[in-house]
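Heads up, the thing below is written out as structure tokens.
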Amino acid sequence: MPASCGAGKGIRMRWTQFFIVTAKETPSDAVVPSHQLMLRAGLIRQVVAGAYTYLPLGLRSLRKVEGIVREEMNRAGAIELHMPAMHPIELWEQTGRVAAMGDVLLRLHGRGEDWRSRTVLGPTHEEIITEHARTYLNSYKQLPVNFYQIQTKFRGEARPKSGVLRTREFLMKDAYSFHTCKEGPGGLDEGYQAMYDAYCRIFSRCGLPYVAVEADSGPIGGDASHEFMVETDAGEDFLVKTDDGSYAANLERAEVASVTDAGDGRDEPIKLVPTPGHTTIEQVSTLLGCAPSKMIKTILYVADGAPLIALVRGDHNVNEAKLKRVARVLTLEPADPALIKNLTEAEVGYAGPVGLSNVRIIADQAVTVMHDAVTGANKTDHHLTGVNPGRDFEIREAADIRDAVPGDRAKNGRPLTFRKCIEVGHVFKLGTKYSVAMGAEFLDEKGASHPMIMGCYGIGLNRIVAAAIEASHDANGIIWPASIAPFRVILCSLDVREAEVMSVSRKLHDELESAGIDVLWDDRDQRPGVKFKDADLIGIPVRITVGKKGLAEGVVEVTTRKDGQVRKLAPEQAQAEVMRLLC
RNA sequence: CGGGGCGUAGCUCAGUCCGGCUAGAGCGCCUGGUUUGGGACCAGGAGGACGCAGGUUCGAAUCCUGUCGCCCCGACCA
């Protein structure tokens, strides 16, 4: 359904006949600015943890975002359809994602093999669209094609938080493209680029200060995934970038330049020291008086069923996404204590690389240049000092397997900076994972059968609304980008019992509506302060103030929310000024 | 799932430790009046039985047990 946002059609959108509930006080359990302001401005109302009603004002913004997304998707050649939120679990079983998604997949509860027990609420729609593709798309002549929908998604998030930034029910635009090949005309790369470009247009039009970053692309590798991020402290991802913008990636993916060898060639001898009860980097660091950066952290994993040890510096964290790629494994789980004892012959907390030759070890690049390091001795209650890679243990595999940290440099040598951010969109080259699992194949010119090559592209609509607020607000309230504001103009009629005020207001309102501008007419019989505070709070970009005081001087005022600048104009000039400000 | 916090009026909160008048305040809401360019003032009024269920007690918002919900930190996040 098209987003028809304007009141339009001669209906005046009067405040007194609409439904707006603002609040002076901030509800105590809202922490991040977007959540606080969405509640105070009366955009949303929480129903249960992770699920919100969009009140009329909030819905208008959401619909405007929807409209922009729909326009740009259509422009990019994607075709809209609508899939159900209820899915038969069988489709999820075909791709193995019932297990893969675990508790995130919301399931209905029924008795035994009741239909309810065979039904899930869709967290995403790869399975459904691939089912459709395998039924309807049989020939190369039908490809490429891109289907999209705007649909409610359900996820059993363990911890909903930050208002609408992380919820169990949310609105998502998801698109799925199907191709005969990866490269060349009509291929996945081309379709992916088209979506990438469409996303840039969408976020720009929504007024979001976004950054497109390389994201972890899982087992497919290459340049197969980008995330669109908006910087905000309310976010839960980390954006890593260089100051000059020459490199940007999410933390999972961000590559760091090698650390150089700062040793002086005079390595100490290795020494066994007692460290009873000290099992963490922090404890040992304190006990022995050595910086965490002088320690080697030894983490044991089970990777595709086999033990795997990762070595990183004590002040670094293993990046499991990187480790998976480097190790070329699909699954990576922390080893359980029994396995650790078995491999190291020590209690948990005393593992180290020295003497562990029978296990695959991958060292972080920074470990290879360490000198006189401290690490576990593979003997309960003991650590080793003076440990030197190469001399005391062999490094067969070394790579970048850790998270970037402040102080690191990008591969191009520029210093990396870190910012919290929220992901608002993700484009992904899926390849044939789903088409193979579900048998979605097409016939080529020669009549040979191939699995379709797929891409998928998601946008979180609610997150766009919240991210826009995160990015643009002040102490008084929201400052909407005009494109997604619930209304573009608020017409503030002071002295509503004055006939002239109302007739001038009415005229202005109707002119603007005829010009295609949606106007909220604040016709409440309220004191000016109340109306101004509310206008600021709900953040309408342009305010027109009509009062008897101004009219006595022959003027109305046009005020911009973002800078508070006031322009006194004759009523006849107001519309032109508003149009100018909104363009 | 671990750690912490909180459930009293539509909202913000006091009262809970040390059981005891008829459970309070501010905001919001209703009525009347005075006001009217940055969240006015006066007077009057409606509204909760204290998340829920047990228990202790002459008596429970307050103590005990259980349970549910919500928020925050962490873990997790196709």
Side-chain angles (χ1 to χ4, degrees), chain A residues 21-32 35-36 39-40 42 45-51 87 92 95-106 120 122-128 130 153-163 165-168 170 172 174 176 215-220 225 227 234-237 250 252 320-321 333-334 422-423 426 428 430 433-434 437 454 456-458 460 475-477 492-498 501 522 524-537 543 545-553 555-557 559 564 566 568:
Chain A
V21 278
T22 59
K24 263 189 240 183
E25 285 163 313
T26 303
S28 56
D29 52 11
V31 175
V32 304
H35 189 198
Q36 295 177 339
L39 291 170
R40 282 194 57 208
R45 163 95 183 165
Q46 185 179 119
V47 177
V48 289
H87 304 177
W92 288 80
T95 58
R97 287 172 99 198
V98 174
M101 304 220 35
D103 289 339
V104 172
L105 190 61
L106 281 179
V120 304
T124 175
H125 282 71
E126 281 84 1
E127 279 77 1
I128 311 301
T130 307
K153 308 288 186 184
F154 298 89
R155 290 187 191 182
E157 293 290 354
R159 183 151 96 85
K161 60 173 182 175
S162 306
L165 284 176
R166 187 164 198 82
T167 52
R168 294 191 172 133
F170 56 96
M172 182 169 170
D174 48 324
Y176 307 89
D216 180 53
S217 44
I220 300 171
S225 176
E227 286 172 348
E236 39 196 20
D237 289 319
N250 76 8
E252 255 190 352
E320 296 185 0
E333 293 159 20
I422 186 78
E423 177 190 350
H426 197 164
F428 203 96
L430 281 177
K433 175 177 174 179
Y434 295 93
M454 297 172 58
C456 73
Y457 319 94
N476 293 318
C492 240
S493 300
L494 311 182
D495 316 301
V496 296
R497 281 167 289 192
E498 296 284 330
V501 167
D522 186 354
R524 292 175 299 168
D525 186 5
Q526 280 287 356
R527 298 168 67 85
V530 173
K531 303 177 87 149
F532 294 154
K533 287 287 184 189
D534 272 342
D536 287 349
L537 177 59
R543 184 181 93 205
T545 311
V546 181
K548 66 179 177 192
K549 202 168 115 184
L551 289 182
E553 302 168 25
V555 299
V556 298
E557 289 159 27
T559 310
V566 182
K568 296 194 177 192

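Throughout, a chain's letter reflects where its sequence line sits, starting with A, and its residues are numbered from 1. This is a predicted model, so every value here is computed, not measured.
Using atom C1' as the reference point in both G20(B) and G33(B), the two lie 42 Å apart (nearest Å). Taking the P atoms as reference points, C21(B) lies 14 Å from G59(B), given to the whole Å. Taking atom P on both G48(B) and A23(B), the two are 12 Å apart, rounded to the nearest angstrom. Rounded to whole Å, the P atom of C13(B) lies 25 Å from the corresponding atom of A53(B). Between U8(B) and A25(B), the distance separating the two C1' atoms is 13 Å to the nearest Å. A gap of 48 Å separates the P atoms of C76(B) and A60(B), to the nearest Å. Rounded to the nearest Å, the gap between the C1' atom of C29(B) and that of U12(B) is 16 Å. Distance noted for atom P between U16(B) and G54(B): 26 Å (whole Å).
When both distances must be under 3.5 Å, the Watson-Crick or G-U wobble mate of C21(B) does not exist. Under the Watson-Crick and G-U wobble criteria, each requiring two contacts below 3.5 Å, nucleotide A14(B) is left unpaired. C29(B) is paired with G45(B) under the criterion used here, namely a Watson-Crick or G-U wobble arrangement in which both key atom distances are under 3.5 Å. Nucleotide C6(B): paired with G69(B) (Watson-Crick or G-U wobble, both distances less than 3.5 Å). Figure legend. C76(B) is base-paired to no nucleotide; pairs are counted as Watson-Crick or G-U wobble with both atom distances under 3.5 Å. With a cut-off of 3.5 Å on both Watson-Crick or G-U wobble distances, the partner of G54(B) is given as C64(B). Base pairing of U36(B): no nucleotide in any strand meets the Watson-Crick or G-U wobble criterion (both distances under 3.5 Å).
Among residues two or more places apart in sequence or in another chain, the salt bridge (charged side-chain N to carboxylate O under 4.0 Å, His left out) test is passed with E423(A) by none. The side chain to side chain contact (heavy atoms under 4.5 Å, CB included) search around Q46(A) returns Y52(A), not counting sequence neighbours. In this view, D237(A) satisfies the salt bridge (charged side-chain N to carboxylate O under 4.0 Å, His left out) rule with no residue, not counting sequence neighbours. Under the side chain to side chain contact (heavy atoms under 4.5 Å, CB included) criterion, T22(A) pairs with I20(A), D534(A), L537(A), I538(A), sequence neighbours left out. Remark: K548(A) pairs with D495(A), E498(A), V501(A) by the side chain to side chain contact (heavy atoms under 4.5 Å, CB included) rule, at least two apart or across chains. When the side chain to side chain contact (heavy atoms under 4.5 Å, CB included) test is applied to A30(A), the partners found at least two apart in sequence or on another chain are H35(A), Q36(A), L39(A). For D525(A), the salt bridge (charged side-chain N to carboxylate O under 4.0 Å, His left out) test picks out R497(A), with sequence neighbours left out. K533(A) is linked by a salt bridge (charged side-chain N to carboxylate O under 4.0 Å, His left out) to nothing, counting only residues two or more places apart in sequence or in another chain. Qualifying side chain to side chain donor-acceptor pair (under 3.5 Å) partners for E126(A), counting only residues two or more places apart in sequence or in other chains: R97(A), T124(A).
Closest heavy-atom contact between K24(A) and R40(A): O-NE, 3.4 Å. Of all heavy-atom pairs between L494(A) and K531(A), the closest is CD2-CD, 4.1 Å. Pairing each heavy atom of P160(A) with each of G50(A), the nearest pair is CB-CA, 3.6 Å.
Using cut-offs of 30° and 60° for the angle between ring planes, the H87(A) and H125(A) rings count as perpendicular.
Counting non-hydrogen atoms under 4.0 angstrom, P334(A) reaches nothing in the nucleic acid. In this structure, S162(A) reaches the sugar-phosphate backbone alone: every heavy-atom distance under 4.0 Å involves primed, P, OP1 or OP2 atoms, never a base.
With rounding to whole Å, D29(A) atom CG is found 16 Å from G4(B) atom C1'.
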I'd like a list of close polar pairs between nucleotides 23-26 of chain B and the protein, N/O only, cut-off under 3.5 Å.
from, atom 1, to, atom 2, distance (Å)
G26(B), N2, E25(A), OE1, 3.0

Restricting both atoms to N or O, compile the protein contacts to nucleotides 75-78 of chain B shorter than 3.5 Å, with distance only.
from, atom 1, to, atom 2, distance (Å)
C77(B), O2, R166(A), NH1, 3.1
C77(B), O2, R166(A), NH2, 2.0
A78(B), O2', R97(A), NH2, 2.8
A78(B), N7, R155(A), NH1, 2.6
A78(B), N7, R155(A), NH2, 2.8
A78(B), N6, R155(A), NH1, 3.2
A78(B), N6, R155(A), NH2, 2.7

Spell out protein contact along nucleotides 32-42 of chain B as letters: B when the base is contacted, S when just the sugar-phosphate is, - when no protein heavy atom is under 4.0 Å; keep the 5' to 3' order. ---BBBBBB--
